[in-house]
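In listed order, ligands and their atoms are each counted from 1. Along the sequence shown, residues carry numbers from 1.
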Amino acid sequence: MGRVYNFSAGPSTLPVKVLQRAAGELVEYGTSGQSVMEMSHRSAHFEEIIAECEALLRELMGIPSGYKVLFLQGGASTQFAAVPMNLMGENGKADYFVTGMFSGRAAKEAALYGKVNVVATGEGENFSRMPDIDAAKLDPGASYVHICENNTIYGTRFTKLPDTGAVPLVSDMSSCILSEPVDVSKYGLIYAGAQKNMAPAGVTIVIIKEELLGKALPYTPTMLNYEVMAKNDSMYNTPPCYPIYVCKLVLEWLRDDIGGLAKMGEINRRKAGALYDFLEESSLFNATTHKPDRSIMNVPFITGSKEIDDKFVKQAAGAGFVNLKGHRSVGGMRASIYNAMPEEGIAALIAFMKDFEAKNK
Ligand SMILES: *Cc1c(COP(=O)(O)O)cnc(C)c1O
C-alpha cells in the first residue's frame, strides 16, 4: 500500500516533502556527523535549529516584538493548568467560553487555581453551533478570557473574536494555528499542541505578551512557569529537540512551497468549501454543524444511520482514506483537513463519497 490520505484529527498528516527531507537528514544532519535525535540541545547545530524555527514562526505569523515564543512539553492539556497558574494571580478569576470538549476541560482545570466564570456554553446543542458572544457578560476585572478558537471534535470555530477590552485574550489554537493569518497583537497568549498543524507530537507552542510574564502563583512548578522558560529561551531543561526540528521544516514548507499564511488560508477555505458544498448537495451525507460557525480544519458529517456510517468508514479505509471515524461524543464521521492535506486528497474523498452515495441510496 502506498501513502494513504490521512484525515486524522491529530497527530495528523505531514507534508511529504517534509518527511522526505527529515528522512534524508535522519542519520546525519548537515555536516554535523550526527542525527538531530542525538545531538546536545546546547550544541551550535541545535541552537541554530531552534532559533530558525522561532524566526520562521515570527515571520509567518507576524508575531510583534514584545511577545515571547516558548517551545514546551506536555501538550495543550498541560497548558490548561499552566495558563491559570501563570495568569490567574492578577485577580484570581477568569472568564471561559465553553464551546467544546477541550474548552470544557480547560475551564475545569482552571477552577483548581481560581474562580472560573463560564460566560457562554454550547453544551445544550451538543456544541454543534457557537453560543452568542455577549460582551456584557465578560468581567472587566477578570485576569484573562479563555477561548478555544477551533473546536477540533465538534467542527466549529470562532469567526469573530470576543471584544475583551483591556482583559488579555488567551486562545487555544491547537487545531487552527498557521491555517490562516491571525492578528497576534489581539491576544495576550496563544498556545497550541503542535501535532495538528505544525509538527509531530511532543512540542507545544506558547506565544505570550511579555507584560504577562512574572505573575505566576507561588506554587507554580518551575517547569510550568512561563517566566523561567522565557528567561532560559525554552532551554531550562532539555526541549523536545526532534519535534522542534520537524516544526522548522514544516514552517519552511509553509513559507517556500505554500507562500505564507494568506495563501494557506485561501487553499484551506477552498478545501473546506468543496467538502461542505458536497455535503450540502448530498442526499446521503449531512454536515452536523451550523453553517456560519463551520471550521475549515475539522469537518464532521453523518448519514443518519450508524450502520451506514460504519460501513462508510470501513470501505473508505479500504480505499486509502483513513481515520474518518468521528469522535465518540459526536459519532458519524470527521474529516480533519489540516494544512498538509492536499487539495487532491479532498477531491479524491469527494469522488469516493459520491460513489458510495450512488451505491447506498
Ligand atoms: C488536540 C487538542 C488539545 C489536546 O492536545 P494535547 O496536546 O493532546 O494535550 C487541546 N485543545 C485542542 C483545541 C485540541 O485540538
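If you number the atoms of ligand 1 from 1 as listed, the ones under 4.0 Å from a heavy atom of Q195 come out as 5 (O), 6 (P), 7 (O), 8 (O). Of all atoms in ligand 1, numbered sequentially from 1 with element shown, those under 4.0 Å from a heavy atom of C148 are 13 (C). The ligand atoms of ligand 1 that sit less than 4.0 angstrom from a heavy atom of G75 are 7 (O), 9 (O).
Taking the six-membered ring for Trp, H41 and F46 have ring centres at least 6.0 Å apart.
For atom 4 (C) of ligand 1, the closest non-hydrogen atom on the protein side is F102 CE2, 3.6 Å. In this structure, atom 14 (C) of ligand 1 lies nearest to the protein heavy atom K196 NZ, 2.9 Å.
Between F312 and F356, the angle of the ring planes goes over 60°, which puts this pair in the perpendicular group of the 30/60° scheme. Classified by interplanar angle (parallel below 30°, tilted 30° to 60°, perpendicular above 60°), the ring pair F352/F321 is tilted.
Where the criterion is an N or O separation shorter than 3.5 Å, residue side chain and backbone included, T78 fails it with respect to ligand 1. For ligand 1, none of its N or O atoms has an N or O atom of F80 under 3.5 Å away. Checked against a 3.5 angstrom limit, the closest N/O atoms of N150 and ligand 1 fall outside it.
Without hydrogens or angle criteria, S8 side chain to N323 main chain gives no donor-acceptor distance under 3.5 Å.
Under the 4.0 Å criterion applied to side-chain N and carboxylate O atoms, E180 and R157 are assigned as salt-bridge partners. Checked for salt-bridge contact, E25 and K248 miss the test: no charged N lies under 4.0 Å from a carboxylate O.
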Atom pairs and distances, donor-acceptor, side-chain atoms in residues 223-231, under 3.5 Å, two or more places apart:
from	atom 1	to	atom 2	distance (Å)
N225	OD1	E227	N	2.9
N225	OD1	V228	N	3.4
Y226	OH	Q79	OE1	2.6

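For atom 5 (O) of ligand 1, the nearest non-hydrogen atom from the set A201, G74, A76 comes from A76. Selection from S77, A192, P11 by nearest heavy atom to atom 9 (O) of ligand 1 gives S77. Atom 11 (N) of ligand 1 has its nearest heavy-atom neighbour, among N151, D172, T152, in D172.
Heavy atoms of other residues, nucleotides or ligands lying less than 6.0 angstrom from CD of E307 number 12 at most.
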